[in-house]
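The figures that follow rest on heavy atoms only: side chains count, while hydrogens, waters and symmetry mates do not.
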Amino acid sequence: MSRSPEWRVVHLTNNLAEAQVIAGLLRSERIPAMVHQEAGASAFGITVGRLGEIKVLVSPEDYERALSLLDPDLPDELPDNTDTIIYPLDHDDEE
């Protein structure tokens with residue numbers, strides 16, 4: 001008995017073109033990706049809520065690599081100092 005492959009969501013949108021672009025980017029990096037939308041949602045033109053969600057899926061083995069490609073600027077962890085925190089000025093105090 002063959003099991004169907006498991007997939008993990010790496011991107012969620014309500015825009016089919018956006019999902020296709022994201023999947024294409026992943027495929028160009030040799031990460032198999034699939035675009036999934038609930039059956040019937042596009043036939044009825046549903047673009048909001050759970051039925052309107054379009055998911056970009058990858059295999060569990062490619063999940064971490066796909067996330068790093070989609071958001072490369074995320075730090076692995078937060079800095080442990082507060083020396084670089086900039087607080088916005090309260091413009092009422094300047095008068």
Side-chain angles (χ1 to χ4, degrees):
M1 183 168 120
S2 164
R3 288 185 58 185
S4 61
E6 295 180 22
W7 296 89
R8 298 207 45 203
V9 177
V10 291
H11 188 76
L12 185 63
T13 183
N14 292 86
N15 183 315
L16 181 58
E18 177 184 338
Q20 294 290 1
V21 168
I22 297 293
L25 168 70
L26 294 172
R27 290 179 192 132
S28 74
E29 295 293 328
R30 300 181 190 261
I31 297 175
M34 179 174 78
V35 174
H36 173 75
Q37 185 176 20
E38 290 297 324
S42 62
F44 293 111
I46 299 171
T47 59
V48 294
R50 295 200 111 200
L51 280 178
E53 290 178 346
I54 302 167
K55 300 170 185 170
V56 179
L57 307 166
V58 298
S59 69
E61 299 84 36
D62 295 318
Y63 181 74
E64 292 298 326
R65 186 166 158 244
L67 287 181
S68 69
L69 284 168
L70 295 178
D71 201 353
D73 294 330
L74 280 179
D76 290 335
E77 54 186 62
L78 294 174
D80 56 355
N81 68 46
T82 57
D83 294 341
T84 58
I85 294 177
I86 300 171
Y87 297 96
L89 294 176
D90 185 1
H91 294 291
D92 293 338
D93 292 340
E94 293 178 4
E95 296 175 6

Same cluster or not: V21 versus L25, using hydrophobic residues (I, L, V, M, F, W, Y) connected whenever any side-chain heavy atoms lie under 4.5 Å apart? no

Report the residues that fulfil side-chain hydrogen bond (donor to acceptor under 3.5 Å, both in side chains) with E18, sequence neighbours left out, ordered by chain and then residue number. H11, T13

Enumerate, atom names and distances included, each donor-acceptor pair closer than 3.5 Å involving a side-chain atom of residues 56-63, sequence neighbours excluded.
residue	atom	partner	partner atom	Å
S59	OG	E61	OE1	3.2
S59	OG	D62	OD2	3.0

Gap separating the CD1 atom of I54 from the CG atom of N14, nearest 0.5 angstrom: 6.5 Å

What distance separates R65 CZ from I31 CD1, expressed to the nearest 0.5 Å? 4.0 Å

Side chain to side chain, L70 and L26, heavy atoms closer than 4.5 Å: yes

Quick one: which residue pairs count as a side chain to side chain donor-acceptor pair (under 3.5 Å) with a foot in residues 27-36, not counting sequence neighbours? none

Any chance you could measure I22, atom CD1, to L12, atom CG, to the nearest 0.5 Å? 11.5 Å

